Amino acid sequence: MTAVSDNPVTTFHDDQLVRILSAPDQHEIAQLDAWWRANNYLTIGQIYLQGNPLLREPLTSEHIKPRLLGHWGTSPGLSLIYAHVSRLIRHTGQQAIYLAGPGHGGPALVAAGYLEGTYSEIYPKISQDDAGMLRLFRQFSSPGGIPSHVSVTTPGSIHEGGELGYVLVHAFGAVMDNPDLLAIAVVGDGEAETGPLEGAWKGVSFLNPARDGAVLPILHLNGFKISGPTVLARKDPAEVRSLLHGHGYDVIEVEGSDLPGMHHRFAAALATAWGRIRSIQRAARHGDWDGTRPRWPLIILRSPKGWTGPEQVDGVEVTGSWRSHQVPLSGVRDNPGHLAVLDAWLRSYRPEELFDDAGAPTALVRELPPRGDLRMSASPHANGGRLTRDLALPEFRDYAIEVPQPGLIRAESTRKLGELMRDIYTGNPDSFRLFCPDETNSNRLGAVFEVSDRAFMERVTGDDVSIGRDGRVMEVLSEHNCHGWLEGYNLTGRHGMFATYEAFAMVSASQTVQHGKWLQESRNLPWRAPVPSLNVLLTSTAWRNDHNGFSHQGPGLIQVVLTQRGDVARVYLPPDANTLLSVADHCFRSRSYINLIVIDKQPQLQYLTMAEAVEHCARGAGIWDWAGTDDGTSDPDIVLACAGDVVTMETVAAAEILKEKLPDMKVRVVNVVDLMTLPRPKDHPHGMSPTLFTELFTDTVDVIFAFHGYPGAIHQLVHGRPDADRFRVRGFIEEGTTTTPFDMMVRNQASRYHLVMDAINNAKRLPRGATDLKAWCERQLAKHEAYVVEHLEDMPEVRDWSLADRTQH
Ligand SMILES: Cc1ncc(C[n+]2csc(CCOP(=O)(O)OP(=O)(O)O)c2C)c(N)n1
């Protein structure tokens, strides 16, 4: 169990604090209002201004940016919430991070970091004065500047909010095993229409109040998305309340646009929510909890979209309408009427009260936020790399499978990984979790249940196995939740793995892409420390999902990851258990990568001893002398290459057929475990040197490449290598159904017989007997077709195939 410390609170008790927070006095209202006005002013300045930042001279069209980009509509709501949470932190010492679901409100969060001083600490040129403010404005959405979302460059952010739908999953992941952290998660009402967000409310069913922190969702019902109303805003409020109550939340509602009334009501709502969180945690942490799922608070904020902006433009409603979503005044440069409206709008915030003569925030504005690391823009949790501890990793070699000879014994490789992760759980009770959509056992990773149940906060019955509130294996049938939770967990400095059926990794493929973009960008920011890598295990793969059929057969995520930049993308295809252990150990130690590991869960042939596996993985690719007939003295007649467990077996089997039936043919077998060794070094940092590439593949000999995924991937990877056209790739060509394992190979023309025929057709030199062998292969394929239809299983010579037992001699 995680050590739980109380939050560093003031000398007041929680109840007293709730009372104080609920009733801000006049000075505090003035602070809140000033900070909010300052933030709104800076938000608009970022969208519109390239000069005259504090309106010290009359506003002219030269002061207006040529391209008006950004999103105003969501921003005032985001900054109002930010202001109030800042006040709460100052009073309570609560550690909090802020996740803006509608991350398109980027300028509001950038402005928050600027007002808190963090921005200038990180980016000294963006100083808290006139000149710095102008730079702040000019950099926003500009070439060479910063993007318009709450992106990697925004201090305090772990959530860009560009692709909508993931705010709650990130928030829940961030607070797991993080007992002192409160994640404020603002959910847009448009965002709430997405599938991932709809599924994410269930996070509370997996959150343990004793061990984990808390998420406070704030559903921002500003009524509109880009150009129309939102479902939840147009529903009867009672239905929305019932929906969220049904998900397990205690709904607190705030509505209006009156000021200062809204400050009073929002302060009271936030105080109530915080008080309830604290009492849930106190009860759970001090033994006064019966184990039932707490009803966590949630705030619904109903406020106008584009609040405090121009009510109407050109006679049409803007504030409180979808028209405020982006840039409400679009013709400011050429339209004097619009320019005048912008001038009045900016001045309505009374900037002279908010910024002093030098352009720095005035005392009233500066008083509101907390100090130091408690500022949400400076939270060490949001720069999780700073909190990252290395995993205490067991010696992976201790889990080795004894391999007496290559290709003789079979084992379920992922079972060994399960054992390794079991012991990682034990050694890292608060910094490692496995996330899996209901397949931990099915994927043969069940050893983890020896030391941890599945986390579950709903009712548990006597029939349930390995399920409990103290569990830390995260199983929810939602790839979006699993992926997003792991991202939140990683970005706050902790480690884990997402293990999923290969085909359904495509459900969350977009999250993989978005996270890759985040990691890539973070590499350019020295203040963002590297974070644990996102480790994705694809198992139950296309080739062995023969019992589930075509829907379960799809190696698409490899293709997706290959499109990502070499700075972040890694793809490993270990062929057996010992290589898997070595790869996994490497991935658990790595930082800021997306590590894709692909290996099936079924019993499979084992090839390498642990020592050989370690060496093979270190090189990433190598010649398997024992599999071929190549003596290394000259170029072989053909190279049989493979990447992926099942296709490796077919390749080794094909080489064996050639060895037996065409002993004069020189066959070289090359296995690739790190796919990224194939590209040129200039295309990927793992790319092998030209010399090594030639040593393995020669410069001229044809290569028959059996690949786990879609064949095009290999062509893409070897592009630019000597005579790349000589690579003939066999892989998954979208032929699948519920059939036998070997029939899958045949249907995709990647069976051992196809590989043999390919070898013969493309070899430099054809020894006598080649034609007969091709005919034999055709006969074998015909025999297979007839056999599977009659016997409903593979021919014994294929089904039970292994290399001959040499251990007896
Ligand atoms: C997954 C996804 N689909 C579409 C978009 C395009 N988009 C950007 S903002 C937006 C509307 C968002 O509405 P809401 O969540 O209510 O935010 P707010 O009204 O606060 O701006 C849409 C559809 C997106 N960013 N992500």
Side-chain angles (χ1 to χ4, degrees), residues 39-40 43-44 46-47 69-82 98-112 141 147-151 157 159-171 184-201 217-235 240 244 254-255 257 298-309 317-328 478-481 483-484 487 506-515 517-518:
N39 190 298
N40 285 335
T43 296
I44 302 158
Q46 288 176 79
I47 295 174
L69 304 162
H71 297 80
W72 161 247
T74 193
S75 296
L78 292 178
S79 53
L80 179 99
I81 297 167
Y82 200 102
Y98 189 102
L99 294 89
H104 43 279
L109 273 293
V110 168
S141 291
S148 68
H149 284 71
V150 189
S151 65
S157 173
H159 174 79
E160 155 129 4
E163 183 166 292
L164 297 168
Y166 310 128
V167 68
L168 283 178
V169 293
H170 286 163
I184 305 290
V186 183
V187 180
D189 45 356
E191 178 182 28
E193 293 175 10
T194 65
L197 196 288
E198 185 64 54
W201 294 115
I218 301 182
L219 176 60
H220 187 201
L221 291 186
N222 63 17
F224 300 93
K225 35 196 191 266
I226 296 179
S227 53
T230 62
V231 173
L232 293 184
R234 292 291 169 91
K235 267 187 187 298
V240 181
L244 297 169
V254 183
E255 179 169 11
S257 61
L298 172 157
I299 296 176
I300 297 178
L301 170 63
R302 286 190 165 81
S303 66
K305 190 152 182 168
W307 190 10
T308 72
E317 219 69 38
V318 171
T319 299
S321 138
W322 52 268
R323 289 192 192 85
S324 66
H325 182 71
Q326 289 185 356
V327 180
S478 159
E479 284 74 12
H480 291 122
N481 275 323
H483 202 295
E487 287 176 15
M506 290 304 282
V507 171
S508 50
S510 198
Q511 289 175 286
T512 313
V513 170
Q514 295 295 333
H515 191 65
K517 289 176 193 286
W518 179 282

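Ligands are counted one by one from 1 in listed order, and the atoms in each one are counted from 1 as well. These numbers come from the heavy atoms of this one structure, side chains and all, not from hydrogens, waters or symmetry mates. Remember, predicted model here, so these are calculated numbers, not experimental data. In this chain, residues are counted from 1 in sequence order.
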- Item | All side-chain contact (heavy atoms from CB on, under 4.5 Å) counterparts of E479, not counting sequence neighbours | P437, E439, F498, T500, F504, V507, S508
- Task: Would you mind telling me which of V187, V186, I184 makes a side chain to side chain contact (heavy atoms under 4.5 Å, CB included) with V167?
- Result: V187
- Message: Could you go through H104 and S148, starting from their C-alpha distance and side-chain angles, then the distance that decides it, and tell me whether this counts as side chain to side chain donor-acceptor pair (under 3.5 Å)?
- Response: CA-CA 6 Å; H104 43 279; S148 68; over 6 Å; no
- Message: Give the residues near ligand 1 by chain and number, with the criterion being a heavy-atom distance under 4.0 Å.
- Response: T74, P102, H104, G162, E163, L164, G188, D189, G190, E191, N222, F224, K225, I226, K305, H325
- Message: Considering only residues two or more places apart or on different chains, which pairs with a residue in residues 221-231 satisfy side-chain hydrogen bond (donor to acceptor under 3.5 Å, both in side chains)?
- Response: D189-T230, E193-K225
- Task: Give the C-alpha distance, both sets of side-chain angles, the deciding distance and a yes or no for side chain to side chain donor-acceptor pair (under 3.5 Å) between N40 and S79.
- Result: CA-CA 7 Å; N40 285 335; S79 53; 3.3 Å; yes
- Results of side-chain contact (heavy atoms from CB on, under 4.5 Å) for I226 - residues two or more places apart only: H325
